[in-house]
Amino acid sequence: MAKVRVRPETGHLYIDFSLRGVRCREQTALDDTPANRKAVEALARKIDKAIATGNFDYAAFFPNSPRAKRAAEAESALPPPSGSGQPVPTFSEAAQAWYRENLPRWRTSHAQTLQAIIEKRLLPHFGEQPLYTITRAEILDFRSRTQTSSGRKNKDDLSPSRVNHIMTALRMILADAADRYGIDSAFRNIKPLRVPKMDIQPFTLDEVGRITAAVRPDYRPYLVTRFFTGLRTGEINGLEWKHVDFDADVIRVRQSIVNGVLLDTKTEGSARDVPMVPTVRTALLEQKGLVPAGCRWVFPAPGGGPLSLVNFTNRVWIPLLRHLDLAPRRPYQTRHTAATLMLASGENPEWVARVLGHASTEMLFRVYSRYVPNLTRNDGRAFTGLVTGQGAESSMAVLPPSLAALSRAQLERLVRTLHQEAPHADA
């Protein structure tokens, strides 16, 4: 991207741009005034457009420049930009080809996200620019501009995590084009932005009791199930009665609803059987008496379809927290609450990870490590005692300072050691 800069020693403006990966700087005799800068910026935009469309003629823009003759000679001596012999397309053509070929293997929601990134973020910037003209410096400039652009609510800058998702799509498009056309990808040695550690806001057991006592009766079973199973929003909103097994006291998570579309679970590990503690069993039996006969959904919307997260959040959840004078937070914090309650009750993290649908305990140690007071149980009984209030084990234990000082790797080794040393039920 052509930029207008000022020469410190003279105060004159000059244009700084890249052509086929070569940095070019063309001087002007204009002082740095608002009027002159506006004129030179207009010229810079024309240069960008000409480079992007492949119509840049150095001599036409800078007839007196020593570079003009050399640029023309170099241009005529250049081999076809594609090592495969094919003409190198524009970024737009490469992005469309990459999206079209990978679409069959993506979930609908993921495909929609990528489509939005391409259309709203990448194409407006790179669009009709030939691939070989995209430089590493331009990619870094794009990332910087993207990070400081407005978020969805036009209030805050985009988060590092969101920017990384956008840059990942750009990296994959350029890598695919590099393989396809035999060119070098400019996306090299560009590391992702550092993402701050997730700051969860789980509710305490007392707050859970206040919430479930104050919520509208027709939504009480829904919140009880969310708080004490840790189901994801799409999993509980897409839950059908055929997946609720009262005989085995388990909820069989086999599907999820995303943007109104019923899909398989998020990952292979997300398909799991979640145990019903007595509180959840009672809530689901109560819910069965509330829904119309023949309704397939466990928690239907008033119209009979699956529950809408947006409607629930705006009409029930936010007013409820405001009424109880609790800090506002997303309904997804019910999942974090379930995880922290399970861990605080002393359940084995491996068991908790399976219940939550994580592939490993890595997520637990990274996000919930301060909620792990002991690591010896693996059967769910401690969590049941906590929820039902039976026994001394139901109290919220405090994390020993010595455990809090351990690294994640040390905690994981401790889990494996204690799991091996723990006495088995038949011993």
Side-chain angles (χ1 to χ4, degrees), residues 1-3 15-25 44-45 47-56 58 71 74-107 110-149 158-195:
M1 176 176 290
K3 296 182 179 180
I15 300 177
D16 189 348
F17 63 98
S18 293
L19 181 64
R20 283 187 175 271
V22 178
R23 186 179 183 185
C24 305
R25 283 169 284 191
R45 287 193 293 271
I47 292 173
D48 280 335
K49 184 176 181 180
I51 292 176
T53 57
N55 298 320
F56 181 77
Y58 213 112
E75 190 74 23
S76 62
L78 281 173
S82 170
S84 64
Q86 306 177 49
V88 177
T90 63
F91 177 83
S92 176
E93 293 169 333
Q96 292 172 10
W98 173 78
Y99 181 85
R100 182 176 59 253
E101 293 179 0
N102 287 280
L103 183 60
R105 67 186 186 87
W106 292 332
R107 289 166 57 96
H110 183 61
Q112 291 173 345
T113 299
L114 288 174
Q115 185 178 36
I117 289 175
I118 292 172
E119 293 180 354
K120 297 180 181 179
R121 298 287 178 180
L122 302 181
L123 292 186
H125 188 94
F126 298 102
E128 300 307 311
Q129 186 171 347
L131 285 170
Y132 63 84
T133 66
I134 298 176
T135 65
R136 183 175 184 274
E138 187 176 0
I139 292 174
L140 291 173
D141 179 70
F142 166 74
R143 184 174 71 177
S144 177
R145 292 171 181 267
T146 300
Q147 188 175 13
T148 56
S149 65
L158 294 183
S159 68
S161 176
R162 177 62 176 159
V163 173
N164 286 343
H165 278 92
I166 295 171
M167 297 302 292
T168 297
L170 175 60
R171 174 179 58 79
M172 295 178 71
I173 291 171
L174 293 179
D176 179 76
D179 291 339
R180 189 188 304 269
Y181 300 103
I183 60 176
D184 292 332
S185 171
F187 205 116
R188 59 185 183 278
N189 300 325
I190 298 179
K191 297 181 179 180
L193 297 175
R194 181 179 178 276
V195 178

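How far CZ of Arg162 is from CZ of Arg121: 6.5 Å, rounded to the nearest 0.5 Å. Within the model, atoms CD1 of Ile47 and NZ of Lys3 stand 14.0 Å from one another, a figure rounded to the nearest 0.5 Å. Annotation: the span from Thr113 atom OG1 to His165 atom NE2 amounts to 8.5 Å, rounded to 0.5 Å. Rounded to the nearest 0.5 angstrom, Leu114 CG and Gln112 CD are separated by 10.5 Å. Between atom CZ of residue Arg136 and atom CD1 of residue Ile190 there is a gap of 5.0 Å, rounded to the nearest 0.5 Å. Separating the NE2 atom in His125 from the CG atom in Leu170 is a distance of 9.0 Å, to the nearest 0.5 Å.
Between Met167 and Ile139 the shortest heavy-atom distance is CE-CG2, 3.5 Å. Shortest non-hydrogen contact noted between Thr90 and Glu128 is CG2-O, 3.3 Å. Nearest heavy-atom pair across Ala94 and Leu131 is CB-CD1, 3.7 Å. The heavy-atom pair separating Ala175 from Ser185 by the smallest distance is N-OG, 4.3 Å.
Proximity of a side-chain donor or acceptor of Gln96 to a complementary backbone N or O of Glu93 within less than 3.5 Å is not detected. Counting only distance, with no hydrogens or angles, the side chain of Tyr99 and the backbone of Ile173 share no donor-acceptor pair below 3.5 Å.
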**Study point:** Audit row: Leu193, Arg143, side chain to side chain contact (heavy atoms under 4.5 Å, CB included) steps and yes/no
**Key:** CA-CA 10 Å; Leu193 297 175; Arg143 184 174 71 177; 3.8 Å; yes
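For the pair Thr168 and Arg171, the minimum side-chain heavy-atom distance is below 4.5 Å.
No option in Phe142, Phe187, Tyr181, Phe126 other than Phe126 meets the ring pair (Phe, Tyr, Trp, His ring centres under 6.0 Å) test with Phe91.
Atom CG of Asp184 is surrounded by 12 or fewer heavy atoms from other residues, nucleotides or ligands within 6.0 Å.
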